[in-house]
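For reference, the structure discussed in these notes is given below.
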Amino acid sequence: MEHNNNTEEPKSENAKSLNFLETIIEDDIRSEKHGGKVHTRFPPEPNGYLHIGHAKSICLNFGLAQKYNGKCNLRFDDTNPTKEEEEYVNSIMEDVRWLGFDWEDRLYYASDYFGQLYEWAIKLIKEGKAYVDDQTSELISEQKGVPTRPGTDSPFRSRSVEENLDLFTRMKNGEFPNGARVLRAKVDMASPNMHMRDPIIYRIMHATHHRTGDDWCIYPMYDFTHGQSDYLEGITHSICTLEFVVHRPLYDWFLDNLIETEYRPRQYEFARLNLNFTVMSKRKLLQLVTEKYVNGWDDPRMPTVSGLRRRGYTPESIRNFADRIGIAKRENVIDVGLLEFSVREHLNKIAPRIFAVLNPLKVIITNYPEGQVENLDLEINPEDPSMGSRMVPFSREVYIEQDDFMENPPKKFFRLGPGSEVRLKGAYIIKCDDYRRDEKGRISELYCTYDPDTKSGTGDQRKVKGTLHWVSAEHAVNAEVRLYDRLFNTEFPDEVDDETKDFKSNLNPDSLKVITGKIEPSVKNAKVLDKFQFQRLGYYCVDPDSTEEKLVFNRTVPLKDSWAKQNK
RNA sequence: UGUCCCAUGGUGUAAUGGUAGCACUACUGAUUUUGGUUCAGUCAGUCUAGGUUCGAGUCCUGGUGGGACAACCA
């Protein structure tokens with residue numbers, strides 16, 4: 001060892017800093033807590049579609065398991081049959097898989113534990129730690145008091161064990177209507193923590209459960225379910241969001257009062273994701289769907305996983321995004337620009353380039369032989385030559401973007417103007433000789449000449465400052481193109497929420513524009529969700545609404561455009 | 001007039017008592033047959049007042065500010 005006098009760890013390239021959960025986990029592994037094992041879980045309630053905030057949690061829980069050679073369960077927290085549906089169960093599983101995670105054979109439901117939970121409730125009753133309360137929810141709530149004042153005891157708090165057992169059994173047997181009675185844990189009505197003031201642990205709900213059917217008419221509450229479920233599954237680190245911090249003492253209380261073994265799952269909390277220019281609460285997303293402000297949960301404007309998928313996001317881009325935003329305990333609002341950066345970054349590497357003209361302006365190349373067609377061999381992706389090339393037909397009449405011609409161009413305009421030259425990407429340099437207007441006075445046709453000596457790929461050539469994408473008019477494929485913009489005009493829609501206005505008052509009326517574009521013919525074989533870069537425009541993907549006759553594209557995100565920016 | 005959580009550039013996140021770093025954004029410049037990409041660079045930060053310490057973003061105390069908790073929701 002003498003020869004090595006440098007004992008300091010060099011800051012190695014891959015020594016990424018840890019977030020606070022990784023620090024805790026590494027300490028636990030080092031101290032052999034839980035036998036050095038890591039077992040997490042992702043526990044959605046199947047009452048809606050997953051959104052990007054859930055994706056953060058999924059990446060966290062499954063990611064931690066991967067990183068530390070552990071396991072991660074998928075568990076449906078399905079203790080409220082009135083809100084839950086199988087449709088949601090299925091969409092959640094699809095989304096988790098699509099994001100690239102695998103729960104293997106560890107698919108669980110809290111409803112799997114209804115029997116055990118019931119036994120545990122009986123145990124609490126027998127030990128004098130739970131009682132049946134006959135009061136209305138209003139009365140119970142009143143007696144709970146307020147956070148700054150202690151609560152008062154329910155008159156039923158001191159019922160005998162026998163009576164409690166009898167009543168709880170009859171609750172279970174369906175002898176009472178909804179709301180008639182509840183089972184409460186006897187904890188501490190004076191606790192400064194509201195959740196410890198004799199929390200309700202079972203309520204009567206004559207409702208059909210999506211999995212247990214009509215087997216039960218009493219259902220356990222979240223607090224009485226979650227920790228025990230974690231325990232039953234051998235979870236070591238039960239990670240949830242910050243609003244559950246105040247629940248943690250209760251989580252521990254149930255385990256301490258029900259479990260004899262030394263092993264305990266531990267709850268840790270992190271800050272949920274907030275994104276600007278959108279809303280994230282299930283309630284509000286549901287409202288957008290049911291009131292038809294969007295076309296379903298998977299509308300490409302929605303921050304749902306299914307919406308992002310349909311918008312053209314890749315699982316990898318979402319995982320990278322989750323990585324980049326980090327994990328901490330302070331409230332945060334992430335700029336959607338970071339999400340957009342993440343998807344551009346990935347699509348730049350993988351998306352085939354094609355030409356698409358969305359606002360066509362016809363260009364007639366007067367010195368190009370009529371009827372002649374050249375099939376140009378163009379690269380599919382300059383970032384990845386292994387993707388090969390495609391054939392793009394060039395002919396006498398092509399379309400370019402209306403934005404790419406100006407009658408009176410400003411100084412730094414690199415595109416086409418009267419008398420100026422530009423390269424048609426992958427083809428020739430053309431010069432604009434003349435132009436025509438339609439009856440409304442708008443420019444409708446350009447007359448240009450091409451320079452036959454400037455064919456792309458034929459050696460040294462003079463340079464022109466502008467390069468335009470184009471599509472041969474006779475070969476162009478018409479497609480519907482849906483241009484999406486942010487759903488809300490305001491950065492924090494949640495903050496506009498009073499009696500007169502709510503978050504919907506800031507919906508962006510222009511969040512969807514539908515146009516018809518001219519696209520190069522190589523696109524004909526595109527399949528649903530195939531992704532492309534429309535060169536110089538942005539990333540687009542094929543929408544599931546596409547048919548044999550008509551392709552439909554969604555704009556995922558435009559390309560960065562420093563020209564548009566400086567002209568704003 | 002409670003309990004708990006939190007406070008680092010515009011945004012997000014590191015620094016685990018020892019040089020405040022990274023990413024996004026913004027802005028320069030170079031390259032470019034995408035005004036894209038890539039590359040190089042610039043601007044910009046420890047809420048406040050005390051205390052402990054040779055040394056504090058980090059530990060302690062008090063303020064200030066933000067957030068959570070009063071569902072038979074999760």
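Quick note: numbers below take in every heavy atom, side chains included, and nothing from hydrogens, waters or symmetry partners. A, B, ... follow the sequence lines: proteins, then strands. Residue 1 opens every chain.
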Mind checking the [atom1] distance from [N] to [M]? Whole angstroms is fine.
{"N": "C72(B)", "M": "U58(B)", "atom1": "P", "value": "42 Å"}
{"N": "A44(B)", "M": "U25(B)", "atom1": "C1'", "value": "11 Å"}
{"N": "A20(B)", "M": "C43(B)", "atom1": "P", "value": "16 Å"}
{"N": "U37(B)", "M": "A70(B)", "atom1": "P", "value": "46 Å"}

At under 4.0 Å between heavy atoms, what does [X] touch on the DNA or RNA strands: base, sugar-phosphate, or nothing?
{"X": "Phe413(A)", "value": "base"}
{"X": "Arg353(A)", "value": "base"}
{"X": "Leu559(A)", "value": "base"}
{"X": "Lys412(A)", "value": "base"}
{"X": "Arg197(A)", "value": "nothing"}
{"X": "Gly426(A)", "value": "base"}

Would you say the rings of Tyr202(A) and Tyr219(A) are close, in the sense that their centroids are separated by under 6.0 Å?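 No, they do not, as the ring centres are separated by 6.0 Å or more.
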Table of protein N/O atoms under 3.5 Å from nucleotides 21-30 of chain B N/O atoms:
from   : atom 1 : to        : atom 2 : distance (Å)
A26(B) : OP1    : Lys565(A) : NZ     : 2.5

Tell me every residue that passes side chain to side chain donor-acceptor pair (under 3.5 Å) with Ser456(A), counting only those two or more places apart in sequence or in another chain.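 Side chain to side chain donor-acceptor pair (under 3.5 Å) check on Ser456(A) returns Arg423(A).
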Please name all residues satisfying salt bridge (Lys or Arg N to Asp or Glu O under 4.0 Å) with Lys560(A), sequence neighbours left out, ordered by chain then number.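 Once residues adjacent in sequence are excluded, Lys560(A) has no partner under the salt bridge (Lys or Arg N to Asp or Glu O under 4.0 Å) criterion.
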Figure out the CD/P separation between Gln461(A) and U33(B), and round it to whole Å.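 Those two atoms, CD and P, are 11 Å apart.
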Measure the distance from CD1 on Ile327(A) to P on C6(B) and round it to the nearest whole Å.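 From Ile327(A) CD1 to C6(B) P: 15 Å.
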So, does the side chain of Thr148(A) form a donor-acceptor pair with the base of U1(B) at under 3.5 Å?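 Between U1(B) and Thr148(A), which were checked side chain against base, a qualifying N/O pair under 3.5 Å is absent.
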Is a donor-acceptor pair below 3.5 Å formed from side chain Thr467(A) to base U34(B), judging by atom type as modelled?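 Result: no qualifying N/O pair found.
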Val89(A), Thr79(A), Thr212(A), Leu74(A) screened by side chain to side chain contact (heavy atoms under 4.5 Å, CB included) with Tyr109(A), the one that passes: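 The single option meeting the side chain to side chain contact (heavy atoms under 4.5 Å, CB included) with Tyr109(A) is Val89(A).
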Run the ring-ring contact (aromatic ring centres under 6.0 Å, His included) test against Tyr428(A) and tell me which residues pass, sequence neighbours left out.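 Counting only residues at least two positions away or on another chain, Tyr428(A) forms a ring-ring contact (aromatic ring centres under 6.0 Å, His included) with Phe394(A), Tyr450(A).
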Is it the case that Asp78(A) and His210(A) place a side-chain donor and acceptor less than 3.5 Å from each other?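 Result is yes, a qualifying pair exists.
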Judged by modelled atom types alone, do Glu383(A) and Asn381(A) share a side-chain donor-acceptor pair under 3.5 Å?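 No, no side-chain donor-acceptor pair sits under 3.5 Å.
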Taking Watson-Crick and G-U wobble contacts under 3.5 angstrom, with | marking pairs to another strand and [ ] crossing pairs, the secondary structure of RNA chain B is written .((((((..((((....[..)))).(((((.......)))))....(((((..]....))))))))))).....
Proximal nucleotide (of G12(B), U34(B), A14(B)) relative to the Gln533(A) side chain: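 From the listed options, U34(B) comes nearest.
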Please determine whether a side-chain nitrogen of the Lys or Arg among Arg536(A) and Asp404(A) lies less than 4.0 Å from a carboxylate oxygen of the Asp or Glu.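 Salt bridge: yes.
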Would you say a side-chain N or O of Ser562(A) is under 4.0 Å from OP1 or OP2 of G36(B)?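 The answer is yes; a side-chain N or O of Ser562(A) sits under 4.0 Å from OP1 or OP2.
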Give a yes/no answer on whether the side chain of Arg330(A) brings an N or O atom under 4.0 Å of OP1 or OP2 in U13(B).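 Yes, because at least one side-chain N or O of Arg330(A) sits under 4.0 Å from OP1 or OP2 of U13(B).
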If you assign each of Ile325(A) and Arg536(A) to its closest nucleotide in RNA chain B, which residue comes earlier from the 5' end?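 With Ile325(A) and Arg536(A) compared, the 5'-side residue is Ile325(A).
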Heavy-atom contacts, protein to nucleotides 68-74 of chain B, under 4.0 Å, summarised as B (base), S (sugar-phosphate only) or - (none) per nt, yield SSBSBSB
